[in-house]
Amino acid sequence: MKYNVAVFAYDFCHQKTYDLLVGLQLFGIKKVIVIAAPKVKLNNQIEKKIYQSRDQENVIHPRDICRKLHYDYHVCPHDNIIEIQSYTLKSESNIAIISGARIIKKNIIDLFHYGVINYHPGSLPETSGLDSIYWMIEKNVRPLASAHFIDSKVDAGELIDESSISVNLGDTLEIIKKNLYLAQLKLHNKVCNKIANNEVFETQTIVRPFKNSSMTKEQKELSLKKFIDWKKYYSKIN
C-alpha cells in the first residue's frame with residue numbers, strides 16, 4: 001500500500017491550506033496534487049465564515065506554496081468530476097485531504113480508494129456544521145477537534161481520531177477557536193505520519209442522525225450566555 005495525496009483547497013490565500021501543505025512537506029510527502037476551487041459568491045454569512053477567517057490576507061497564495069514545494073496545482077471547481085478524475089488518474093491519487101472546500105459530493109469522494117479526510121473543530125456528530133463552537137457551548141460538549149473520513153453526509157463518515165484542548169476560565173471565544181485550530185493541526189500531523197509510513201487507518205463509524213443548522217445571530221448570543229458555565233465545567237476536568 002502506498003498513498004498518493006490530493007488536497008482539496010481554495011484558490012485564494014487561506015491559512016489552513018498553508019498549514020496543511022507545509023505539514024505534508026515536513027513529513028516528506030512529495031507526491032501531492034492540489035485541487036483549488038475558485039472563489040464564488042455565497043450568501044454573506046457563509047462567505048464571511050469561509051473567506052475572512054484567520055487573517056487570510058497575510059498568508060501566501062496556495063499556488064505559490066505549491067510552486068515552492070513542487071506540488072501540482074490545479075484550479076477546478078470541486079464538483080467537476082471530469083477534470084478531477086483526469087488529475088487523479090494522472091497522479092494516481094488514492095487519498096485526499098480537505099484544507100478548504102464546500103460539500104464534496106459522493107461521486108468525487110468515490111474517486112479516492114482510501115477516502116477523503118476532513119478536520120472538524122468539534123466533536124462529531126454533536127457539533128456538525130459551520131457553527132461548531134456555538135453548538136459545543138449550547139450542548140455542553142467536550143472541547144476537541146476531530147479527524148474523519150467523509151461520506152455523502154456533512155461532518156459524518158468514519159472517525160479517525162480526536163484531539164482535546166484545555167480550557168481556562170480566562171479564555172475568550174477567540175482563544176478557544178485558536179486552540180481548536182491547533183488541535184486540528186495536531187491531528188494533521190498524525191495523519192501525515194500514517195501517510196508517510198503507509199499505515200492503515202483504523203476508524204469507527206460516526207452515527208449522525210441529523211446535521212446542526214447554521215445559527216442566527218440571536219441564537220449565537222443566547223448560546224454565549226452559557227459560555228462561562230461551559231468554561232467552568234471543562235476547566236475542572238482538564
Value rounded to 0.5 Å, distance of [atom1] in [X] from [atom2] in [Y]:
X      : Y      : atom1 : atom2 : answer
Leu187 : His120 : CG    : NE2   : 12.0 Å
Thr88  : Leu111 : OG1   : CG    : 5.0 Å
Leu130 : Ser132 : CG    : OG    : 8.0 Å
Lys190 : Ser163 : NZ    : OG    : 6.0 Å
Leu20  : Thr17  : CG    : OG1   : 6.5 Å
Thr203 : Ile160 : OG1   : CD1   : 7.5 Å

Checklist entry - Could you walk me through whether Ser99 and Leu21 pass the side-chain contact (heavy atoms from CB on, under 4.5 Å) check? => result CA-CA 9 Å; Ser99 71; Leu21 290 176; 6.0 Å; no
Checklist entry - Passes side-chain contact (heavy atoms from CB on, under 4.5 Å), Leu182 versus Leu180? Steps please. => result CA-CA 5 Å; Leu182 294 175; Leu180 287 169; over 6 Å; no
Is there a donor-acceptor pair under 3.5 Å between the side chain of [X] and the backbone N or O of [Y]?
X      : Y      : value
Trp135 : Gly129 : no
Thr172 : Ile175 : yes
Asp131 : Met215 : yes
His74  : Cys76  : no
Trp230 : Val141 : yes
Gln219 : Thr216 : yes

Item to check | Derivation and outcome, ring pair (Phe, Tyr, Trp, His ring centres under 6.0 Å), residues His188 and Tyr119 | outcome: CA-CA 8 Å; His188 182 57; Tyr119 304 111; 5.4 Å; yes
Side chains of [X] and [Y] in contact at under 4.5 Å (non-hydrogen atoms):
X      : Y      : value
Ile117 : Phe201 : yes
Ile206 : His148 : yes
Ile108 : Asp79  : no
Val22  : Asp19  : no
Asp64  : Arg67  : yes
Leu173 : Ile137 : yes
Ile97  : Leu24  : yes
Phe27  : Asn189 : yes

If you count every heavy atom of other residues, nucleotides or ligands that lies below 6.0 Å from [X] atom [atom1], does the total exceed 12?
X      : atom1 : result
Ile228 : CD1   : no
Tyr18  : OH    : no
Leu89  : CG    : yes
Lys105 : NZ    : no

Ignoring hydrogens and angles, state whether a donor on the side chain of [X] or [Y] is under 3.5 Å from an acceptor on the partner side chain.
X      : Y      : result
Tyr181 : Gln15  : no
Asn197 : Asn193 : yes
Asn212 : Lys139 : yes
Gln184 : Lys16  : yes

Answer with yes or no whether the hydrophobic clustering places [X] together with [Y]; edges join I, L, V, M, F, W, Y residues whose side-chain heavy atoms lie under 4.5 Å apart.
X      : Y      : answer
Leu26  : Ile65  : yes
Tyr233 : Val167 : yes
Ile195 : Val200 : yes
Ile150 : Ile84  : yes
Val75  : Val32  : yes

[Y]/[X] salt bridge by N-O under 4.0 Å criterion:
X      : Y      : value
Lys226 : Asp229 : no
Lys225 : Glu138 : no
Lys106 : Asp110 : yes
Glu92  : Lys31  : yes

Next on the checklist: Could you walk me through whether Ser86 and Glu83 satisfy the side-chain hydrogen bond (donor to acceptor under 3.5 Å, both in side chains) test, starting with their C-alpha distance in whole Å, then the side-chain angles of each, then the deciding distance to 0.1 Å, before giving a yes or no?
Outcome noted: CA-CA 5 Å; Ser86 70; Glu83 285 196 36; over 6 Å; no
If every non-hydrogen atom of [X] is compared with every non-hydrogen atom of [Y], which pair is closest and at what distance?
X      : Y      : value
Ser164 : Leu144 : CA-CB, 3.6 Å
Ile109 : Ser152 : CD1-N, 4.2 Å
Asn140 : Tyr234 : O-OH, 2.7 Å
Met1   : Asn198 : CE-O, 2.8 Å
Arg102 : Pro38  : NH2-O, 3.8 Å
Ile165 : Ala183 : CG2-CB, 3.8 Å

Item to check | Lys231 NZ/CZ over Phe227 ring centroid, <6.0 Å and within 45° of normal | outcome: yes
Next on the checklist: One pair to check against side-chain contact (heavy atoms from CB on, under 4.5 Å): Val7 and Tyr73. What are the steps and the verdict?
Outcome noted: CA-CA 10 Å; Val7 176; Tyr73 188 79; over 6 Å; no
Next on the checklist: So if I apply the ring-ring contact (aromatic ring centres under 6.0 Å, His included) rule between Phe112 and each of Phe8, Tyr3, Tyr87, which one comes out positive?
Outcome noted: Phe8
Checklist entry - What do the steps show when you test Leu159 against Glu162 for side-chain contact (heavy atoms from CB on, under 4.5 Å), and what is the final call? => result CA-CA 8 Å; Leu159 183 67; Glu162 297 174 331; 3.8 Å; yes
Next on the checklist: Is the ring pair Tyr10/His14 parallel, tilted or perpendicular, if the boundaries are 30 and 60 degrees?
Outcome noted: perpendicular
